[in-house]
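Convention: sequence-line order gives letters A, B, ...; per-chain numbering from 1. Since this is a predicted model, take the numbers as computed values, not measurements.
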Protein chains: 2
Amino acid sequence: EFTTGGLQSSSIANIEKMSPDRVPLCLDLLPALSGEDTTKDFFQELVNILLSYVCKSFRRSSKVLDFHHPHQLREGLEGFSLELPDQPENLEQLLVDCRDTLKYGVKTGTVRAVDLENLFSRFTYEVSPVFILMEEVLLRKMQEIVGWSEEEGDGVFCPGGTMSNLYSVLLARYHFFPEVKTKGMTALPRLILFTSAHSHYSVKKSAAVLGIGSENVVVVKCNDRGKMIPAELESSIITAKDQGCVPFYVNATAGTTVYGAFDPLNAIADICESHGLWLHVDAAWGGGLLMSNLHRVKLQGIERAWSVTWNPHKMMGAPLQCSAILVKKRGLLKDCNQMCAEYLFQTDKHYDTSYDTGDKTIQCGRHVDVFKLWLMWKAKGSEGFGSQVNKCLENAEHLFDKLNQRPDFELVFKSKPEHSNVCFWYIPPSLRNMPPGPERNRRLHEVAPKIKAKMMEQGMAMIGYQPLGDKVNFFRCVFSNPATQTEDVDYLLEEIASLGHDICIRIETNL
Amino acid sequence: EFTTGGLQSSSIANIEKMSPDRVPLCLDLLPALSGEDTTKDFFQELVNILLSYVCKSFRRSSKVLDFHHPHQLREGLEGFSLELPDQPENLEQLLVDCRDTLKYGVKTGTVRAVDLENLFSRFTYEVSPVFILMEEVLLRKMQEIVGWSEEEGDGVFCPGGTMSNLYSVLLARYHFFPEVKTKGMTALPRLILFTSAHSHYSVKKSAAVLGIGSENVVVVKCNDRGKMIPAELESSIITAKDQGCVPFYVNATAGTTVYGAFDPLNAIADICESHGLWLHVDAAWGGGLLMSNLHRVKLQGIERAWSVTWNPHKMMGAPLQCSAILVKKRGLLKDCNQMCAEYLFQTDKHYDTSYDTGDKTIQCGRHVDVFKLWLMWKAKGSEGFGSQVNKCLENAEHLFDKLNQRPDFELVFKSKPEHSNVCFWYIPPSLRNMPPGPERNRRLHEVAPKIKAKMMEQGMAMIGYQPLGDKVNFFRCVFSNPATQTEDVDYLLEEIASLGHDICIRIETNL
């Protein structure tokens, strides 16, 4: 038994039942309710496990691997379960999970593991039995949450959301034109993609990288709230066809980077269906809301997507990098990406080689991005992630309400935030009575950068700003750390106001 | 001062001066000569630093950032030097380095860091001041080692060697045909790439992904030793031109995956120069040899490359992922990949924004792959890496000599290994007197998989096998762990022989 004894369950659901002032500071980062000492003891125990593992692997008598077949590990060996719980596990069990992960893995540090090419990565089962199965369990769970049936769904963890989006375009192109893999784009007609004006720039970047060309990405207009206008999408598709081009792919965004807007997925899916286009949903930022019963309604229709990008390293708080591309059609990833490198992916092995996932990916060897997410899921449970999302969105609403009440701030859009993004200007005294127009905009554009510079030099808080379309530089506050409390939100606002008040006097003097 | 006191320098150079039997087991993984206790104390101290950092970041009074301008950090603040030493630092200094890294970084865990999009990654200086500068210092050092002048050289760390190779093809295409970024491949003539039959499959994969098509990769013949034949390259280029295609890129391999062969770089560079082609050197595996004065001669001519892939996560022992793409021409990475996303890369910041490297990459946010390499470099020094490489190649030579002396093994190629790859068959008794031919090959093909399966179930050692061209399944032993000793090499050989002897009797019964 774990030496500190008496550790409590780390349920965030339980925490939420407590009165707000009893919520510990370390809600997001640490599983322990009992405070700093428990946390230290937990980490210390973890370190002991790691040290004993490291020292053991130096001994020549240590085994490189304790081999088990995929189905054995999958079924749960000696109580080691890979399944993802709804309710959090306790700290003691988390330590057991860590020990088991090390126990069933390959000891890559041992002096007798001389099989370099295979030991670096987790693309064959024999070298990464535990992590390959963890990836499978996580992807399956995420597909289930997206709403796909048991017969549907494939996927892979990628080095970031841009790569996940790139995979989606690559797969869509291959699905419609499999000859592209061998013949290249010169064998194809002129392909056209569609994405909204507020979408992430990775869709354009993907088109540039994949040889489609960024000009062949049609940027569809959004409404004031940053949501793609379905009628605009449809007319763009028709225009492209009239011009002799071949539309094949639509990216809909669930949670835009700046406004946190959700495109109307069902309306877009209807259009994609009637034109036979691949629907990708970029839920890199918005995917986390699927974990919340309160907020998942904003992604209604996501189950109709052919592919989905979802980054647990954003709203779910996993450390970078942790991004998944989910693909509805099984086998497509492998068909699109495999190169049949015999020297890596032998088929005459003594176990089920369908678990050798390396040939599905662009990257070959991959960093292990799944263990941290798997362990977080054990520690928080699905419900814990849900509560965390709810908490962040409450903070956003609190900020929105505050801004609405103050004369020295102005909201970029007046409707309640859908995600945790809140966009606003600080209006210095001298601009408050100025009529709207180019001169006011010119001055307002300078305010946010100056406040930010001052803020960074003080180092007490950090917040981003940017212009967007016809909107001059505005602040964008985004909550993804559930340890942030309403008092922190209030502090931030006061800080901006006090720095802004001061700085703007100097702007006026300069002008 | 560090509490355990009296810690010795971790010089591998020093270790090499000791008699062989005094070399500690943990040569590669740990810097301490004084054994397990020192190691434990060192890790414990490291953990204490981390814990105090984590606990501090929970306090609302903690600063998010202690801001310094790039030039300040670059010049070495309060003794914090980013420079990479030739000689190893001692353990005490390594702990100071770790403390300083945390001190000058952004405290992303603090409750008041609410700037999500920027906090996840290290693509702008303001959120990753330390890691961005570490990347710069490491890339600069690697370019210097490759042999480029001070005016040349750019680069980026990538998620794996396949991605680095993909970058090289992407950059070459953009260099010759910048319109591809906006117009796509349909605006271009039929492009042709060249790579050797023994090169990594990522070159073909890149052509497939980038829309060039895998059939437009011409596979150039190799000699028996797995080296590209320059005359074959030249005639392939001429043939492609005669067919109306446009050759633009040649990949030369420094250290092939299976044989560890080095293509003749100068001869290939001559051909590239005369035809005006981009020369890429895939030194993912062989790049480590540049650290050794004994072995860097094998990469002669690498300084003539337009781009180089070098994976410190292979021969230099950094944990996956740690791969660099080095590019001779400055500015090309940015021109090729930037999409000018205003909301991420504002130019009206209060510091030198040329340090915001995100727009140079495909990925946008990136995992921090540089810290581990930087710290290893501090711990080992350039000379330590050199000694490590020498040690691995000595093991390979030892194995080669042993195999040469034994009747129960056969070498795949008879010449001394150039890298640490050694390829061989185990010849079971029943095959030793069999004449060469299809029947012997058919039987021999089954031997390695069966031995490997048995070995994995025992779990005492791990080694890979594969077929290649007309060679049936053979074992490939690769040394990259300098803790491996000649006794381990001997053990492995005995192990294979004893498992092989046993298994092959059963094969004979089956036939």
Side-chain angles (χ1 to χ4, degrees), chain A residues 25-26 29 36 47 55 58 63-67 111-116 118 120-121 159-160 162 181-186 190 201 204-205 208 210-216 258 320-321 339 341 343 348 350 363-365 367 449 453 456-457 459 461-464 466 477-478 480 483-484 488, chain B residues 25-26 36 47 55 58 63-67 109 111-116 118 120-121 159-160 162 181-186 190 201 204-205 208 210-216 258 320-321 339 341 343 348 350 363-365 367 449 453 456-457 459 461-464 466 477-478 480 483-484 488:
Chain A
L25 285 185
C26 44
L29 289 159
E36 235 173 61
V47 169
C55 292
F58 295 148
K63 281 186 156 198
V64 177
L65 169 70
D66 194 7
F67 185 82
V111 290
R112 283 174 178 163
V114 289
D115 184 3
L116 166 123
N118 282 334
F120 279 122
S121 46
T162 294
K181 185 174 172 181
T182 50
K183 308 265 179 219
M185 286 292 292
T186 42
R190 189 169 156 202
Y201 70 98
K204 269 202 176 171
K205 199 164 240 188
L210 300 176
I212 296 170
S214 59
E215 284 181 5
N216 294 316
V258 182
L320 190 100
Q321 58 195 35
M339 282 290 154
Y343 62 87
D348 51 2
H350 70 300
Q363 305 114 277
C364 188
H367 185 257
M456 276 184 72
E457 279 174 12
M462 202 158 177
I463 179 173
Q466 66 283 300
C477 198
V478 181
S480 60
T484 301
D488 301 307
Chain B
L25 284 185
C26 42
E36 233 173 62
V47 168
C55 291
F58 295 149
K63 282 187 154 197
V64 176
L65 169 68
D66 194 8
F67 185 82
V111 290
R112 281 173 180 164
V114 290
D115 184 3
L116 167 122
N118 283 335
F120 278 123
S121 46
T162 295
K181 185 173 171 181
T182 50
K183 308 267 179 218
M185 286 292 291
T186 44
R190 190 170 156 200
Y201 70 99
K204 269 201 178 175
K205 200 165 239 186
L210 300 176
I212 296 170
S214 58
E215 283 180 6
N216 295 316
V258 181
L320 190 100
Q321 60 195 35
M339 281 291 154
Y343 62 87
D348 51 2
H350 71 300
Q363 304 115 275
C364 188
H367 185 257
M456 278 185 69
E457 280 176 10
M462 201 159 179
I463 180 173
Q466 66 285 300
C477 198
V478 180
S480 60
T484 301
D488 300 306

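Heavy atoms closer than 4.5 Å to chain B are found in both the backbone and the side chain of A:Leu210.
The structure places CE of B:Met185 at 15.5 Å from CZ of A:Arg190, a figure rounded to the nearest 0.5 Å.
The backbone N or O of A:Glu215 lies less than 3.5 Å from no partner atom in the side chain of B:Thr182, so there is not a single donor-acceptor pair.
Taking each heavy atom of A:Met339 and B:Ala208 in turn, the nearest pair found is CE-CB, 3.7 Å.
For B:Lys204, the NZ atom counts as loosely surrounded, since its 6.0 Å shell holds 12 or fewer non-hydrogen atoms of other residues, nucleotides or ligands.
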